[in-house]
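Some notes on the structure that comes next.
Chain identifiers are assigned alphabetically (A, B, ...) following the order of the sequence lines, protein sequences preceding nucleic acid strands; residue numbering begins at 1 within each chain. Keep in mind it's a predicted model, so treat the numbers as computed, not measured.
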2 protein chains.
Amino acid sequence: MAKPKSQAIQARRIRPTIHDVAKAAGVSIATVSRALNSPDSVRKELRERVVAAADSMDYMADSVGKALRRQRTQIISTMLPRLADPLFSAVASAIQETLEENGYLGFVQTSGFDNTNLFDRAKRLIEHGTEGLIIFGRIDDQRLLDYCRAHQLPLLSAYSYFEKSEVPTIGFDNYLATRQLVEMLHTLGHSRIAMISGSDKGNDRQQSRIRAFRDINAELGQEPVIEFTHMDFDMADGGAALRRIMENHPETTALVCNRCVIAFSVMVEARRLGIAVPEHLSLTGFDDIDYAALFDPSLTTVAVPSEKIGRAAAKAMIAHLETGAPLGSRRFETEVILRRSVARPRAPA
Amino acid sequence: MAKPKSQAIQARRIRPTIHDVAKAAGVSIATVSRALNSPDSVRKELRERVVAAADSMDYMADSVGKALRRQRTQIISTMLPRLADPLFSAVASAIQETLEENGYLGFVQTSGFDNTNLFDRAKRLIEHGTEGLIIFGRIDDQRLLDYCRAHQLPLLSAYSYFEKSEVPTIGFDNYLATRQLVEMLHTLGHSRIAMISGSDKGNDRQQSRIRAFRDINAELGQEPVIEFTHMDFDMADGGAALRRIMENHPETTALVCNRCVIAFSVMVEARRLGIAVPEHLSLTGFDDIDYAALFDPSLTTVAVPSEKIGRAAAKAMIAHLETGAPLGSRRFETEVILRRSVARPRAPA
DNA sequence: CTGAGGACAGTAAACGTTTACAAATCACGA
DNA sequence: TCGTGATTTGTAAACGTTTACTGTCCTCAG
C-alpha cells in the first residue's frame, strides 16, 4: 500500500549538493564553491561556516557537474591485453598509482591480444570523458588512430617500445632485448641456439623477439630454429616443443624461451627426459617475474622495468594534458639477469 | 605572432556535441537525442538524416552531460590490495569484463594491504560518480561504512567470504579452505603439520587461514607450529622459515604454506638441504596459480574460482543498481588440487 | 560629508544531455 | 470546410558545478 514515493527511477542522488551546503551555511552556492576551491577569496568567518556545513554533511563536490563545467574530467584510460598477467598488471598498477597521486583517475579495460579492432572497445572509454588513452602494444586500428588525430585525443602506446611508430611509445624494446640475450649466449660460446615462442599472431612482443632471432641467425648464416607453443591452452605444451627440438636439432646447446612460463614447462620436461640444465642445455626466459629466481635451477631472464615504464607513461600523459608538452617516445633499457640455468656449452660430442 | 586564439585554458572539447549534429541535420537537439536513443519516436526520413550527420562527424554522446541529466554514471569501482598479483588481478579482470559487457565502466584502485583507512582513498572514486563500490577483503574503516550507509552507496566485500560481515560478501572462505586442506593431510596420515604464513597484519586472508590452523590443532590437543615470512621483502625468506621448522620441530611431516610463492621458496631450500619432497616432507601451497602445476614436484594447492567470484560480484552489484535487488552474500567452494608434492607421511624414525 | 576604490558576496549563464510539455502538422471523417 | 486525434517536432528546464559580472558594503582620503 501507499506506493513508496514513486521515486524508483529518479531515486539516485542521495549525496548532498552544493545547494544543500549553501542553504546550511546561509550563503550562495558561489560562495560555497569559492570557499572550497579558492579559500583566500572569502572572508574567514564565512569560509569557516561553509567548511563546517560541508563537513557536517560529508559534502563532496560532484565530479560530474565539475567536469561538465570545467570541460576536464581528469580521467586517463588504459587498455591492455589482460590483467591476470603479472607482466602487464605490474605496469598497469604503476599507471593507476601515478594517476591517483596526481589527482587523476583511470579506467582499465582488457582488450585481449588482438589490437586491430580497438576502436569499438575504446568508444565507451571516450564517451566517459577519457582525456588520454594509454594502450599496451602496437596500435593497429586505423579508425582509432584517425579518430584520435581528428579529435585531438592524446594516444600513447606503452609497454613495448617501437623504433618506428605512428604514435609516441614508451616501453622496452623487445627486439633489442632478445638480441642482448642471444648475444650473451653467443659470448659464452653457444652457437646452436633455438627459440621457443608463444603465438605471434597480433602479438608485437613475440613478433619482435622472433625478428631479432631471425636477424641474428641470418647474420651468422644459420637457419633459425623456432618452435611455437600454445601455452594459453595447454600449460604443458612447452615440453612438446622441447621434444621436437631435441629430436630435429639435437646439436642445440641453448634454448631461448620467449616467456617465463614456457621456460618453466621446458625445464620440467627436460628433467623428465634426463636433459641436464644447464650442463647439457642452457635455458633462458623473458620478463623477470618473481618465480624465475625460485626455480631450480634459477632461471636466466630479461628483466623489464615495469614499474618505471608505467610511471613514465602516466606522467608523460599527465604532463601533456597539463602543460601541452608534446608526448614523446622513450625507450627503457632491459637487463639480462644471468642465473644458474645458463652455462657454457657442453663439449661437442 | 598572432596568439593562437588564446584558447589554451578552455581548449579541451574538440568532440562534436549534440548541437553540432542538430545543426548539420537541420533539426533540434531534442530530435537528435530521440533519433539516437529511441529511434521509433522519430520519422524515418529525419532519423536517417540525423544518424548520417552523427556518423559523419564521429559523434558520441558525452557521458558527462548524460550522467548529469540522468543522475546515473554507470560506474562501479573496485579497490584491491595490489594489481600485480595474479590472485587479485584474475578477479579484478573478471569484474572489469563483466562490467563492460553490461554497459558499465570501472575504476580500479590499489589500496595496499591495509583496509583501515580506505575512506580517504575512496573519496575520489565517489566524487567521480561511483555508483557501487567493490572492495577486496574485510572492510575495517568505520568512516567508509558510515558514509556508505548514510548516502546509500552500495558496498560489497569481494574475494574473501566472511561468515560474519557488516556488508555483503562474495568470495571463498579462507577458513574452510584451510580446514579442507589440513584435513586432507590428516586423512593421508599426517599428524605433525606445520604452517608457514605471510604477514597477517591487516590481511584477512592470512588471518583466517591461521585461525583455521589453530582451531584444528586445538581440536587435536596440539600446539600449533606456525612460522611467519616476509616474502614481500625477501623472496628467499621461505627457506629460512623451513630451516627454523626443521630445527625446532624435526618431527614435522607436512608443511602448509599460505601462499604459493612461499611453497616455491621452501621447495628450493628443501632440495638444497637434501630434504625429499614429498617422501620426507609433504608440501602445499594456496591459490592454484599456473606455475603450481609446473613445479617439480608439482604443487598441491587450493584452487580458487577467481573468475566466477569476479563475475558474481560485478553481476550482483549491477543487479542491485538496476533492479534494486538486495545485495546478498555468496560463498564459493574451493577445491584441493592434489599433486605430487603431497604423499603419505614417512615411516616414523 | 562625499567619493573612490577595495574587498567580498550574490546573480546568472554556461557546460552537454534528456524529457515534460507545448506546438505544429497531418489524415480523415463529419 | 472544419474539427479531432494521432503523430511528430521543437522549446525550455533541469542535472551540479564554476566564474564573469554586478552589486553591496566598508574604509579612508580629501
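Checking C:dG16, D:dT9, D:dT17 against every side-chain atom of A:I29, the shortest atom distance belongs to D:dT17. Of the candidates D:dG10, C:dT17, C:dA9, C:dA9 carries the atom nearest the A:R43 side chain, counting heavy atoms from C-beta on. If you check D:dG10, D:dT17, C:dG16 against the side chain of A:K66, the one that comes closest is D:dT17. Minimum atom distance to the side chain of A:L68 is reached by D:dG16, of the listed D:dG16, D:dT19, D:dG10. When distances are taken from the side chain of B:I18 to each of C:dG10, C:dT18, D:dG16, the shortest belongs to C:dT18.
Nucleic acid contact class of B:A30 (heavy atoms, under 4.0 Å, all strands): base. Within 4.0 Å (heavy atoms only), B:V42 reaches sugar-phosphate atoms of the nucleic acid but no base atom.
Contact of B:R69 with C:dT18 (side chain to base): a donor-acceptor pair of N or O atoms is detected under 3.5 Å. Taking 3.5 Å as the limit, the base of D:dG16 and the side chain of A:R15 contain no donor-acceptor pair of atoms between them.
Sequence order on DNA chain D of the closest nucleotides to A:R34 and A:H19 puts A:H19 first from the 5' end.
Contact annotation: B:S33 does not reach the phosphate of C:dT17 (side-chain N/O to OP1 or OP2, under 4.0 Å). Side-chain nitrogen and oxygen atoms of B:Y59 include none within less than 4.0 Å of the OP1 or OP2 phosphate oxygen of C:dG16. In terms of phosphate contacts, B:S28 brings a side-chain nitrogen or oxygen within less than 4.0 Å of OP1 or OP2 of D:dG10. A close approach under 4.0 Å does not occur between any side-chain nitrogen or oxygen of B:Q71 and OP1 or OP2 of C:dT18. Look at B:T31 and you'll find a side-chain N or O under 4.0 angstrom from OP1 or OP2 of D:dG10. Here A:R70 does not reach the OP1 or OP2 of D:dT17: none of its side-chain N or O atoms lies under 4.0 Å away.
Using cut-offs of 30° and 60° for the angle between ring planes, the B:Y159 and B:F136 rings count as parallel. In this structure, B:H128 and B:F107 have perpendicular ring planes: the angle between them is above 60°, well past the 30° mark.
Aromatic rings of A:F332 and A:Y161 (six-membered ring for Trp) have centroids beyond the 6.0 Å cut-off, not under it.
Taking atom CD1 of A:I126 as the reference point, atom C1' of C:dG16 lies 17 Å away to the nearest angstrom. At whole-Å resolution of the value, NE2 in A:H128 and P in C:dT17 are 13 Å apart. B:R47 places its CZ atom 14 Å from the C1' atom of D:dT7, with the value rounded to the nearest Å.
With rounding to the nearest 0.5 angstrom, the CG atom of A:L99 is 10.5 Å from the CD1 atom of A:I75.
Side-chain polar atoms of A:E322 and A:Y104 form a donor-acceptor pair below 3.5 angstrom.
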